[in-house]
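Predicted model, so just to flag it, every value in this text is computed and none were measured. Chain naming here is simple, since letters A, B, ... match the order of the sequence lines and numbering starts at 1 in each.
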Amino acid sequence: MKAAAPNPASTTSARADISFTPEPTLVHDRVIEWFEEHARTLPWREPDCTPWGVMVSEIMLQQTPVVRVLPRWQEWMRRWPRPADLAAAPVAEILRAWDRLGYPRRALRLQAAAQAMVDDHGGEVPGTADELRRLPGVGEYTAAAVACFAFNQPEVVVDTNIRRVHARAFTGHALPGKTYTSAQRRLAHDLMPATASDDGATACAWNASVMELGALICTARAPQCEVCPVADLCAWRTAGSPAPTEEQQTKGQAWAGTDRQVRGAIMAALRTSAAVPRAELLDGLALPEASAQQRSRCLDSLITDGLAAQAGDRVSLPGA
DNA sequence: AAGACGGGGCA
DNA sequence: TGCCCAGTCTT
């Protein structure tokens, strides 16, 4: 596939004055060619996958690795093949089917998004990033990703993998830093292939290819530069592969003893049981270090979030 | 701009 | 143990 020159006039910014090292078109061609040869075969990338299938995959893949998503995605698509199917499903079943993907509020938001599609979009996944962005649980990344991967629209897709590849190949940094800056957004935009000649096909290929390169080769910990198609062009390599600065270190979330751990333990217990007395549920958590107050507070927060329900003394998944 | 929000696998 | 992963939402 032939990549064209970067977008000349798709914005008001004076792109023509910006010069990149390395030359973007060269990187486009190399990375897209690499993708065509080495990309993983994933069900949501198959041509027959519906926009809904793409949407479900994108929500599941927020902060969750592909290998853990695969089996859950297969089951979800079998049980709820259209937005209306998920919208009509009991919340308890959805949370059980979400299993241990983590951040279960994503499952709730996905159902809310499905309901919005039924209410406002004729039961279909909306086809533009602006419409997608208004759905619950759909942020800047997911809106662009679904518009691009399901509807072939040349949106600027930027995830953690893409930020890292950009930081290394074009900015010369080891890591992109914790926050997504306006400078990074502008760089990603300026690096997009032109859309005039091919209706955005190369732009979408570029998005998918850079993401895959970041996931498989240009990884955070130990990048495999030996097999990288643009190693000889990479600004970070050219600079001698400097180590990450203090600023670029990732924050690292604590886990042991946090409310997130306790909430997760409560959800795990609720998924495998019918309604249980509150005290029995909280006392049964295998978390010796969690105080009674913390357990109680976390259960209350889950109820507030709509992830658990209490009727009288008994607690269960919502609607169960 | 920073913090909350799950969970498992790998170095 | 610490770090990382196709982010979003709230303050």
Side-chain angles (χ1 to χ4, degrees), chain A residues 35 39-40 42-45 49 53-73 95 98-110 112-113 132-150 155-165 174-185 188 204 207-216 218-223 244 247-271 287 297-298 301-302 304-307:
Chain A
F35 179 84
R40 295 166 290 184
L42 299 171
W44 47 84
R45 293 209 287 228
C49 183
V54 174
M55 167 107 178
V56 172
S57 80
E58 291 298 345
I59 300 294
M60 288 183 168
L61 286 163
Q62 292 170 359
Q63 301 288 282
T64 305
V66 165
V67 284
R68 248 195 300 163
V69 164
L70 268 170
R72 296 301 96 213
W73 183 88
L95 291 173
W98 191 258
D99 197 41
R100 299 182 182 181
L101 287 182
Y103 296 133
R105 46 180 50 168
R106 288 183 293 162
L108 256 40
R109 290 181 182 140
L110 182 52
L132 287 160
R133 183 65 183 78
R134 296 186 201 110
L135 298 172
V138 177
E140 179 176 350
Y141 162 77
T142 303
V146 174
C148 180
F149 301 143
E155 295 292 332
V156 183
V157 178
V158 183
D159 75 329
T160 186
N161 288 313
I162 291 177
R163 288 207 304 134
R164 186 174 55 250
V165 175
L175 292 171
K178 321 174 200 352
T179 56
Y180 182 33
T181 64
S182 57
Q184 290 173 8
R185 184 181 286 101
C204 289
N207 284 331
S209 302
V210 184
M211 200 180 302
E212 190 77 340
L213 187 71
L216 298 184
C218 195
T219 56
R221 193 131 27 168
E247 198 71 22
Q248 293 164 349
Q249 307 284 351
T250 53
K251 32 188 66 181
Q253 302 175 327
W255 174 242
T258 61
D259 283 6
R260 279 163 54 240
Q261 184 189 30
V262 176
R263 285 166 54 103
I266 294 172
M267 290 303 295
L270 290 177
R271 282 196 302 268
L287 294 172
R297 167 163 50 81
C298 286
S301 75
L302 288 169
T304 299
D305 291 346
L307 290 164

Inset, instruction - Assign A:W98 to base, sugar-phosphate, or nothing according to its heavy-atom contacts below 4.0 angstrom with the strands shown. - result: nothing
Legend entry - A:E155/A:R133 salt bridge by N-O under 4.0 Å criterion: no
Legend entry - Residue closer to the 5' end of DNA chain B, A:T181 versus A:L307 (nearest nucleotide): A:T181
Legend entry - Minimum-distance pair of heavy atoms, taken over all atoms of A:N207 and A:C148: ND2-SG, 3.4 Å
Inset, instruction - Would you classify A:L101 as touching base, sugar-phosphate or nothing, given that sugar-phosphate means primed atoms plus P, OP1 and OP2, and contacts are heavy atoms under 4.0 Å? - result: base
Inset, instruction - Round to a whole Å and report the spacing from CE of A:M60 to P of B:dG8. - result: 15 Å
Legend entry - Value in whole Å for how far the C1' atom of B:dA4 lies from OH of A:Y103: 8 Å
Legend entry - Value in whole Å for how far the C1' atom of C:dG7 lies from CD of A:E58: 11 Å
Legend entry - A:R105 vs C:dG7: side-chain N/O to OP1/OP2 distance below 4.0 Å: no
Legend entry - Pairwise P distance, C:dT10 and B:dG6 [rounded to whole Å]: 14 Å
Inset, instruction - Looking at every strand, decide which applies to A:R163 at a 4.0 Å heavy-atom threshold: base, sugar-phosphate, or nothing. - result: nothing
Inset, instruction - Please state how far atom CD1 in A:I266 lies from atom P in B:dG7, giving the value in whole angstrom units. - result: 11 Å
Inset, instruction - Using a cut-off of 6.0 Å, state whether more than 12 heavy atoms not belonging to A:R260 lie near its atom CZ. - result: yes
Inset, instruction - Check whether the side chain of A:R100 and the base of B:dG8 form a donor-acceptor pair under 3.5 Å. - result: no
Inset, instruction - Assess whether side chain to side chain contact (heavy atoms under 4.5 Å, CB included) is satisfied between A:T179 and A:T181, documenting all intermediate values. - result: CA-CA 6 Å; A:T179 56; A:T181 64; 4.1 Å; yes
Inset, instruction - Between A:P136 and A:L42, name the one whose nearest nucleotide on DNA chain C is closer to the 5' end. - result: A:L42
Legend entry - Candidate nucleotides B:dG7, C:dC5, C:dA6, ranked by approach to the side chain of A:R68 - the nearest: B:dG7
Legend entry - Protein-nucleotide distance (A:Y180, atom OH; C:dA6, atom P), rounded to Å: 16 Å
Legend entry - Given B:dG6, B:dC10, C:dC5, the nucleotide with the shortest approach to the side chain of A:A220: C:dC5
Inset, instruction - Tell me, please, which residues at least two apart from A:D259 pass side-chain hydrogen bond (donor to acceptor under 3.5 Å, both in side chains). - result: A:Q294, A:R297
Inset, instruction - In sequence, state the C-alpha distance, the side-chain angles, and the governing distance for A:R72 and A:T64, and then conclude on side-chain hydrogen bond (donor to acceptor under 3.5 Å, both in side chains). - result: CA-CA 11 Å; A:R72 296 301 96 213; A:T64 305; over 6 Å; no
Legend entry - Spacing of A:R72 atom CZ relative to B:dG6 atom C1', expressed in whole Å: 15 Å
Legend entry - Options B:dG7, B:dC10, C:dG7, nucleotide nearest the side-chain atoms of A:W255: B:dG7
Inset, instruction - Report the residue (A:R109 or A:P65) whose heavy-atom-nearest nucleotide on DNA chain C is the more 5′ of the two. - result: A:P65
Inset, instruction - Look at all strands and tell whether A:V66 reaches a base, only sugar-phosphate, or nothing, counting heavy atoms closer than 4.0 Å. - result: nothing
Inset, instruction - Among C:dC9, C:dA6, C:dG7, find the nucleotide with the atom closest to the side chain of A:E212. - result: C:dA6
Inset, instruction - Starting at atom CZ of A:R260, determine the distance to atom C1' of B:dG7, rounded to an integer number of angstrom. - result: 9 Å
Inset, instruction - Quick one: label A:E140 by what it contacts on the DNA or RNA (base, sugar-phosphate, nothing), any heavy atom closer than 4.0 Å. - result: sugar-phosphate
Inset, instruction - Report yes if a side-chain nitrogen or oxygen of A:T142 is closer than 4.0 Å to either non-bridging phosphate oxygen (OP1 or OP2) of C:dT8; otherwise report no. - result: yes
Legend entry - Presence of donor-acceptor pair under 3.5 Å, side chain of A:T64 and base of B:dG6: yes
Inset, instruction - Remember a base hit wins even if backbone is also touched, and classify A:R263 as base, sugar-phosphate or nothing at under 4.0 Å, heavy atoms. - result: sugar-phosphate
Inset, instruction - Looking only at side-chain atoms of A:T179, point me to the closest of B:dG6, C:dC3, B:dA2. - result: B:dA2
Inset, instruction - Please state whether the phosphate of C:dG7, meaning OP1 or OP2, lies under 4.0 angstrom from any side-chain nitrogen or oxygen of A:Q63. - result: yes
Inset, instruction - Mind checking A:G102 for me? I need base, sugar-phosphate or nothing, with any heavy atom below 4.0 Å counting as a touch. - result: base
Inset, instruction - Check whether the side chains of A:Q62 and A:Y141 place a donor and an acceptor atom closer than 3.5 Å, and report yes or no. - result: no
Inset, instruction - Starting from P on C:dG7, measure out to NZ on A:K178 and report it in whole angstrom. - result: 17 Å
Legend entry - Same-atom distance (C1') from C:dA6 to B:dA11, integer angstrom: 23 Å
